[in-house]
Amino acid sequence: MSGKSDTAAMKGSVLNLQRYCSDDGPGIRTTVFLKGCSLRCKWCSNPESIHPKPELAYNAKECIGKAKCGKCLEAPCTEGAFYVEDGEDDRVRVNWDLASACADEAVSVCPTDAPYPFGEEMTVEEILDEVEKDSSFYRSSGGGMTLSGGECLLQPEFSAALLAGAHERGINTAIETAGNVPWRFFEQVLPHVDIMLHDHKLTDSARHKKWVGVGNERILENFKKAYETFPDIEFIARTPLIPGINADEEHIRAVLEFIRPYKNVTDYELLPYHRYGLGKYEFLGVVYELDDFKTPDPQLVAKFRAIIDEAFGRSGEEIS
């Protein structure tokens, strides 16, 4: 890869690499999930991606107990961070306020991997070498590499180096972003992007702040600037569809109105809410706030998709 001496050894905070993805852009893709997020979506299915650095996770079901092991209780660094409750089974519990400081030691001594790391530091070259292994699939399917998160634009230098390196290796590039970053991060990264998938979570700024943690003014301004500044990028708008929060026709039509003037916004996708990430909250010692929320009704999703098809001039299901 050209420029290797400048960027190949650059390190970033990476959650994981997922191969053979089909939902993170066109074709078969390898998705690189980066750590760090500037939003706090209450429905987040990747809570392990929020913290910018690698962090401790703990799966209590893998613990074989103090009587059979207890190694994490004996390590000098872990005093007070791991404990066994009196009168309970002898599985180890975690004091999350203390455990992060001794995560490496806890992981190293456990024989069953009950404590394990979410994330690691990786170099540009390490990632691209893995991504390139599936080049034949990208060529045959029109796929490539997608950067996701968390929020990949919070590591702009690292993301730009990854995307530029992918282009040098002949690999199509995409990013997934929620847009809540300074505009200069977009300017740094987007010159190396072929496709940008971006979230329109809520239209009303007050409701956006309630459910996501911030208003949406900067996000919408960034998206408009991106559409106008980078006319050759393919933009795909998306909404994570959550009943009771944004699964309503008003929001769908407002997003369509927002993107309508821009011909480089080629599609609007709906991502129905799911609960696949629920177990991760337990592994992080975090309470999931939407425990009573359900997946959206398929008929409602079909109705919204028909509205989108009509807006894009496609034949879809009949709108009731």
Side-chain angles (χ1 to χ4, degrees), residues 12-18 24 31-66 69-73 75 77-85 88-122 147-155 176 178 180 199 201 210-214 240 242 245 271 273-295:
S13 186
V14 180
L15 181 59
N16 69 292
L17 277 65
Q18 188 171 322
D24 301 325
T31 302
V32 182
F33 292 90
L34 301 186
K35 292 271 284 174
C37 188
S38 56
L39 300 181
R40 296 296 182 268
C41 304
K42 294 185 182 298
W43 59 83
C44 181
S45 60
N46 293 313
E48 76 280 19
S49 70
I50 294 174
H51 194 280
K53 297 295 183 181
E55 60 189 317
L56 179 70
Y58 180 69
N59 184 353
K61 294 179 181 178
E62 296 296 325
C63 177
I64 56 177
K66 178 181 178 180
C69 178
K71 291 185 181 297
C72 62
L73 301 172
C77 163
T78 63
E79 183 176 359
F82 296 87
Y83 63 96
V84 175
E85 293 184 345
E88 299 286 337
D89 63 65
D90 73 342
R91 282 181 179 170
V92 173
R93 268 66 173 176
V94 179
N95 181 334
W96 291 99
D97 292 332
L98 301 176
S100 60
C102 56
D104 290 343
E105 189 163 355
V107 170
S108 67
V109 300
C110 180
T112 65
D113 296 327
Y116 61 96
F118 268 139
E120 62 179 315
E121 297 287 317
M122 294 184 71
L147 299 190
S148 187
E151 173 55 72
C152 64
L153 293 182
L154 286 177
Q155 298 185 58
E176 295 179 335
N180 186 43
D199 284 357
K201 300 179 189 292
K210 174 183 177 180
W211 292 105
V212 177
V214 299
I242 300 96
I245 297 179
L271 310 175
Y273 169 73
H274 61 75
R275 298 165 61 84
Y276 300 148
L278 193 58
K280 301 174 187 177
Y281 284 83
E282 181 180 349
F283 295 162
L284 290 168
V286 177
V287 175
Y288 184 62
E289 296 186 39
L290 300 190
D291 196 38
D292 294 332
F293 280 61
K294 308 298 182 184
T295 56

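This one's a predicted model, so the numbers in the text were calculated from it and none came from an experiment.
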Under 3.5 Å: donor-acceptor pair, side chain of [X], backbone of [Y]:
X: Tyr58; Y: Val92; result: yes
X: Asp199; Y: Lys201; result: no
X: Arg275; Y: Phe293; result: yes
X: Lys35; Y: Lys53; result: yes

Mind checking side-chain hydrogen bond (donor to acceptor under 3.5 Å, both in side chains) for Asp97 and listing every partner two or more places apart, or none if nothing turns up?
none
Parallel, tilted or perpendicular: rings of Phe118 and Tyr116 (30°, 60°):
perpendicular
Restricting to ring pair (Phe, Tyr, Trp, His ring centres under 6.0 Å), what partner residues turn up for Phe33, sequence neighbours left out?
none
Just wondering, do [Y] and [X] contact through their side chains at under 4.5 Å, heavy atoms?
X: Asn59; Y: Thr112; answer: no
X: Tyr273; Y: Ile245; answer: no
X: Pro54; Y: Glu121; answer: yes
X: Leu147; Y: Leu153; answer: no
X: Cys69; Y: Pro111; answer: yes

Anything under 3.5 Å between a donor and an acceptor, one on a side chain of residues 37-50, the other on a protein residue two or more places apart or in another chain? List them.
unit_1 : atom_1 : unit_2 : atom_2 : d
Ser38  : OG     : Asn180 : O      : 2.8
Ser38  : OG     : Asn180 : ND2    : 3.3
Arg40  : NH1    : Cys37  : O      : 2.8
Lys42  : NZ     : Glu289 : OE1    : 3.2
Asn46  : OD1    : Lys280 : NZ     : 2.9
Glu48  : OE2    : Lys280 : NZ     : 3.0
Ser49  : OG     : Asn46  : O      : 2.6
Ser49  : OG     : Gly150 : N      : 2.8

Within 6.0 angstrom of Glu55 CD, more than 12 heavy atoms from elsewhere:
yes
